[in-house]
Amino acid sequence: MPARSRQTTSSAPADAPSQSVTPELREWIIAQAQAGFQAPVVLQSMLDAGWREDVAAHAMEHVLRDHLEALAVQQGQPPASRVPEPAVGESPLFIDVGDRQVEVLMSMAQPRVVLFGNLLSPEDCEALIAEAEPRMARSLTVATRTGGEEVNDDRTSDGMFFQIGENAVVRLLEERIAKLVNWPLENGEGLQVLHYRPGAEYKPHYDYFDPAEPGTPTILRRGGQRVATLVIYLNNPDKGGGTTFPDVHLEIAPRQGNAVFFSYERPHPSTRTLHGGAPVIAGEKWIATKWLRERKFE
Ligand code: PD2
Ligand code: ZN
């Protein structure tokens with residue numbers, strides 16, 4: 001037998017007759033995590049002490065999450081919100097969104113990023129572009145200082161917004177998104193379509209509203225913070241135009257019908273959701289962006 005002593009936790013507190021999480025168990029779990037023990041090792045010690053597996057796993061997850069949340073708030077970070085989450089826990093290859101099987105192509109925990117394939121057909125993409133094209137104008141970003149909108153050199157695309165449910169293809173996409181990420185359709189902002197020509201880009205930024213900016217309280221009156229984004233690729237640029245996550249050196253290829261989802265449980269860089277649209281090198285790039293709020297967007 002290989003020596004196991006360095007991989008063994010102190011004994012877990014004995015199981016409570018009710019199998020409920022006792023304060024003693026809570027403290028013990030936090031101490032094991034602080035000592036650097038990995039989750040499976042801590043779990044095994046709890047099983048050895050008589051805890052039921054489902055209770056032990058649930059206790060670990062909740063105790064550690066609550067502990068990390070308390071630490072984050074203690075350090076001055078804003079509190080965490082509930083965020084949309086696609087049902088990828090058991091690593092399905094597809095998610096059924098009612099009228100379509102959406103492919104799950106990649107999933108990352110931190111930052112929370114999930115890449116989907118086949119969210120839209122080429123015909124859906126073309127219909128969205130055709131509806132958007134006559135209404136395109138130089139993109140504005142929210143001016144967080146005032147809560148209004150302004151032209152911004154960091155974003156050299158053209159864009160437009162659809163109203164919620166404005167036409168058949170918008171409705172179809174919104175319904176698919178709501179099922180895909182388990183979030184009420186009414187919490188979504190209107191779909192935005194963006195068009196990038198060669199050289200156009202969207203420099204790295206966060207999609208949440210900076211709590212330190214004076215205009216943010218006004219923006220938050222319409223549905224609270226943004227908590228997740230879905231960038232949907234409507235065509236295939238020839239070169240460039242990927243969606244980048246510089247903190248984790250990740251680049252998503254902009255492939256027609258695919259979509260990248262990412263969520264941020266608090267408006268803070270610790271979410272590592274800094275992201276940008278890399279310059280288009282050849283061809284053009286069309287995307288639709290869906291931003292999801294905490295509550296109904298009105
Ligand atoms: O076009 C993109 O890839 C991109 C990158 C970053 C879009 C957005 N952000 C956005 O619309 O928020
Ligand atoms: Zn963005």
Side-chain angles (χ1 to χ4, degrees), residues 83-84 105-106 108 111-117 119-120 125 128-129 132 136-144 149-162 170 173-174 177 181 188-210 213 216 219 223 225-264 267-269 271-293 297:
V83 296
L105 300 178
M106 189 281 288
M108 187 184 229
R112 185 64 174 136
V113 177
V114 183
L115 177 64
F116 297 109
L119 176 61
L120 290 179
C125 293
L128 264 179
I129 294 174
M136 301 302 282
R138 176 73 196 267
S139 293
L140 302 175
T141 44
V142 175
T144 40
E149 288 189 315
E150 63 189 7
V151 170
N152 185 331
D153 282 344
D154 287 348
R155 190 182 198 188
T156 49
S157 53
D158 292 338
M160 58 79 66
F161 277 97
F162 285 113
V170 165
L173 178 53
E174 287 171 342
I177 292 172
V181 303
E189 296 182 31
L191 263 181
Q192 176 176 231
V193 173
L194 290 180
H195 179 207
Y196 301 77
R197 294 188 172 78
E201 66 180 314
Y202 195 172
K203 296 232 174 83
H205 60 273
Y206 298 98
D207 280 354
Y208 55 72
F209 301 108
D210 184 346
E213 291 286 349
T216 295
I219 295 168
Q225 263 292 358
R226 285 182 179 159
V227 285
T229 305
L230 201 68
V231 174
I232 305 145
Y233 305 104
L234 302 180
N235 78 322
N236 294 315
D238 295 326
K239 271 189 202 164
T243 304
T244 60
F245 292 80
D247 288 350
V248 288
H249 310 284
L250 174 66
E251 178 165 348
I252 304 289
R255 191 186 166 94
Q256 187 182 49
N258 288 7
V260 62
F261 165 86
F262 54 98
S263 65
Y264 21 98
H268 192 271
T271 56
R272 304 169 96 189
T273 54
L274 184 70
H275 66 286
V280 172
I281 297 170
E284 52 186 300
K285 172 183 171 190
W286 287 87
I287 61 158
T289 302
K290 186 73 169 176
W291 288 298
L292 303 173
R293 299 286 190 107
F297 180 70

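The basis for the numbers below is simple: all heavy atoms, side chains too, and nothing from hydrogens, waters or symmetry mates. Start at 1 and go down the list; that is how both ligands and their atoms are numbered. Counting begins at 1 with the first residue of the sequence.
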Q: May I ask you to test the R255-L105 pair for a side-chain heavy-atom distance under 4.5 Å?
A: no
(Q) With heavy-atom distances below 4.0 Å as the criterion, list the atoms of ligand 1 near W291. (A) 10 (C), 11 (O), 12 (O)
Q: Hey, could you give me the OG1/CD1 distance between T243 and I252, rounded to the nearest 0.5 Å?
A: 7.0 Å
**Q.** Side-chain heavy atoms of R112 within contact of V83, under 4.5 Å
**A.** no
**Q.** Sub-4.0 Å atoms of ligand 1 with respect to non-hydrogen atoms of G277
**A.** 2 (C), 3 (O), 5 (C), 6 (C)
Q) Does any N/O atom on H275 come nearer than 3.5 Å to any N/O atom on ligand 1? A) yes
Q. Of the protein's non-hydrogen atoms, which lies at the shortest distance from atom 3 (O) of ligand 1, and what is that distance?
A. T243 OG1, 2.6 Å
Q: Would you mind running through ligand 1 and noting each atom that sits below 4.0 Å from a heavy atom of Y196?
A: 1 (O), 2 (C), 4 (C), 7 (C)
Q) Any nitrogen or oxygen of T289, main chain or side chain, under 3.5 Å from a nitrogen or oxygen of ligand 1? A) yes
Q) Does an N or O anywhere in K285 fall below 3.5 Å from an N or O of ligand 1? A) yes
Q) If you measure from CG on L128 to CG on L173, what distance do you get to the nearest 0.5 Å? A) 6.0 Å
Q.
Distance check, rounded to the nearest 0.5 Å: Y202 atom OH versus H275 atom NE2?
A. 6.5 Å
Q | Shortest protein contact, atom 10 (C) of ligand 1 (heavy atom only) | A | Y202 CE1, 3.5 Å
Q. Rounded to the nearest 0.5 Å, what separation is found between the CZ atom of F209 and the CD atom of Q225?
A. 6.5 Å
Q.
Can you name the atoms of ligand 1, numbered from 1 with element, that are less than 4.0 Å from a heavy atom of I287?
A. 1 (O), 2 (C), 7 (C)
Q. What is the distance from atom CG of L234 to atom CD of E284, rounded to the nearest 0.5 Å?
A. 11.5 Å
Q: Assign the ring pair F262 / Y264 to parallel, tilted or perpendicular, where the plane angle (0 to 90°) is split at 30° and 60°.
A: tilted
Q.
Please verify the inter-ring angle class for W291 with F161; under 30° counts as parallel, over 60° as perpendicular, anything in between as tilted.
A. tilted
Q. When you measure from the side chain of N236 to the backbone N and O of Q256, does any donor-acceptor pair fall under 3.5 Å?
A. yes
(Q) Within the 4.0 Å heavy-atom shell around H205, which atoms of ligand 1 are there? (A) 6 (C), 9 (N), 12 (O)
Q | Polar atom proximity, D207 to ligand 1 (N or O, under 3.5 Å) | A | yes
Q: Would you sort out whether Y206 and L274 count as a side-chain contact (heavy atoms from CB on, under 4.5 Å), showing the intermediate values?
A: CA-CA 5 Å; Y206 298 98; L274 184 70; 3.7 Å; yes
**Q.** Neighbouring protein N, O or S atoms of the Zn ion (ligand 2) [cut-off: under 2.8 Å, no waters]
**A.** H205 NE2, D207 OD1, H275 NE2
